[in-house]
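Take a look at the structure below.
Treat the numbers as computed from the prediction; the structure is a model and nothing was measured. The first residue of the sequence shown is numbered 1, and numbering continues consecutively from there.
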Amino acid sequence: MADGGRLTTHVLDTTHGRPGAGIAVTLYRIDGDRRDRLAQVRTNADGRCDAPLLAGADLTPGVYELVFEAGAYFRALGVDLGEPAFLDVVPIRFGVARADQHYHVPLLISPYSYSTYRGS
């Protein structure tokens, strides 16, 4: 991209076979022991954020962490997770090596498992 890269995410609820709507997502930049909050959003009805979490000059090489409030999402749907829930807050830590590229970090979630990958 001529104007720089971007960071996006989305959530799929694999238990119910639908987008993870209304999930709180927080983005942090990690620098050694330091953890700086850069953004806090909620997924829309399609399980996506309405805009990139970072774009252009705001996306720089480094280590980032996305934190998804999956337990609150499943509890709001009436899913009995037990206490404590097996998965409640799901962090995904990843590196950005090339800030001119698109980094898409999706979360596929159920109450007992999750997976992620670098998407397009």
Side-chain angles (χ1 to χ4, degrees):
M1 300 183 73
D3 59 347
R6 68 189 188 282
L7 171 63
T8 58
T9 189
H10 78 273
V11 182
L12 295 174
D13 174 346
T14 58
T15 297
H16 299 101
R18 62 184 181 205
I23 296 177
V25 181
T26 306
L27 172 66
Y28 296 93
R29 181 171 170 91
I30 309 299
D31 187 6
D33 292 336
R34 204 173 144 158
R35 187 174 183 236
D36 295 318
R37 187 173 77 180
L38 302 179
Q40 191 164 20
V41 299
R42 226 170 245 289
T43 58
N44 62 23
D46 196 33
R48 298 179 182 276
C49 301
D50 290 327
L53 296 166
L54 292 175
D58 291 333
L59 180 65
T60 59
V63 177
Y64 294 86
E65 184 175 72
L66 285 167
V67 178
F68 299 85
E69 302 289 335
Y73 164 78
F74 284 115
R75 285 185 194 95
L77 293 177
V79 177
D80 180 8
L81 299 178
E83 288 300 326
F86 181 71
L87 293 176
D88 193 6
V89 176
V90 177
I92 300 173
R93 191 169 285 192
F94 59 96
V96 169
R98 300 265 323 264
D100 62 333
Q101 296 182 352
H102 181 192
Y103 285 80
H104 184 67
V105 184
L107 175 67
L108 287 69
I109 188 74
S110 83
Y112 299 100
S113 68
Y114 70 92
S115 64
T116 191
Y117 57 93
R118 181 175 175 192
S120 59

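In this structure, D50 does not pair ionically with R48, as no charged nitrogen and carboxylate oxygen lie closer than 4.0 Å. Salt-bridge check for E69 with R75: failed, with every basic side-chain N at 4.0 Å or more from each acidic carboxylate O.
The cluster map of Ile, Leu, Val, Met, Phe, Trp and Tyr, joined by side-chain heavy atoms under 4.5 Å apart, puts Y112 and L107 in the same cluster. Cluster membership for L87 and V105, using ILVMFWY side-chain heavy atoms within less than 4.5 angstrom, is shared. Under the 4.5 Å side-chain heavy-atom criterion for ILVMFWY residues, no single connected hydrophobic cluster contains both L27 and V67. Each of Y64 and I30 belongs to its own hydrophobic cluster when Ile, Leu, Val, Met, Phe, Trp and Tyr are linked at side-chain heavy-atom distances under 4.5 angstrom. By the rule that hydrophobic residues join a cluster once side-chain heavy atoms approach within less than 4.5 Å of another member, Y114 and F86 end up as members of one cluster.
A donor-acceptor pair under 3.5 Å is formed between the side chain of D80 and the backbone N or O of G82. Checked by atom type and distance alone, the side chain of S110 never pairs as donor or acceptor with a backbone atom of T15 at under 3.5 Å. The main-chain N or O of R98 is found under 3.5 Å from a side-chain atom of Y103 such that the two form a donor-acceptor pair. In this structure a side-chain-to-backbone donor-acceptor pair under 3.5 Å is missing from T26 to Q40. Y73 places no side-chain N or O within donor-acceptor distance of the main-chain N or O of A24, the cut-off being under 3.5 Å. With hydrogens and angles disregarded, a donor-acceptor distance shorter than 3.5 Å links the side chain of T43 to the backbone of G22. No donor-acceptor pair closer than 3.5 Å links the side chain of D13 to the backbone N or O of G17. Between the side chain of T14 and the backbone N or O of I109 there is at least one donor-acceptor pair closer than 3.5 Å.
The side-chain heavy atoms of L53 and V41, taken from C-beta on, include a pair separated by under 4.5 Å. Using a 4.5 Å cut-off on side-chain heavy atoms (C-beta onward), I23 and H10 make no contact. Under the 4.5 Å side-chain criterion, counting only non-hydrogen atoms from C-beta, Y117 is in contact with L108.
Crowding of D31 atom CG: a count of heavy atoms from other residues, nucleotides or ligands under 6.0 Å not exceeding 12. Residue R37 places its CZ atom among 12 or fewer non-hydrogen atoms of other residues, nucleotides or ligands, all under 6.0 Å distant.
Contact detail for I92 and F68: the closest heavy-atom pair is CD1-CE1, 3.6 Å. Across all their heavy atoms, L59 and G5 have their closest contact at CD2-C, 3.7 Å. Scanning all heavy atoms of the two residues, the minimum distance from G119 to P106 falls at N-CD, 4.1 Å. The two residues A45 and P19 come nearest to each other via the heavy atoms O-CB, 3.7 Å. Smallest separation of non-hydrogen atoms from L81 and P111: CD2-CB, 3.6 Å.
Remark: the T60 side chain and the R29 side chain contain an N/O donor-acceptor pair separated by less than 3.5 Å. Of the N and O atoms on the side chains of T8 and H102, at least one donor lies less than 3.5 Å from an acceptor on the other residue.
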Could you walk me through whether C49 and N44 pass side-chain contact (heavy atoms from CB on, under 4.5 Å), step by step?
CA-CA 6 Å; C49 301; N44 62 23; over 6 Å; no

Given the rule in the side-chain contact (heavy atoms from CB on, under 4.5 Å) test, do L38 and Y28 qualify, once you have shown the distances and angles that lead to the verdict?
CA-CA 5 Å; L38 302 179; Y28 296 93; over 6 Å; no

Evaluate the side-chain contact (heavy atoms from CB on, under 4.5 Å) criterion for residues H104 and R118: first the C-alpha distance (whole Å), next the side-chain angles of each, then the deciding distance (0.1 Å), finally the verdict.
CA-CA 6 Å; H104 184 67; R118 181 175 175 192; 6.0 Å; no

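In this structure, CZ in F74 is found 7.0 Å from NE2 in H16, a value given to the nearest 0.5 Å.
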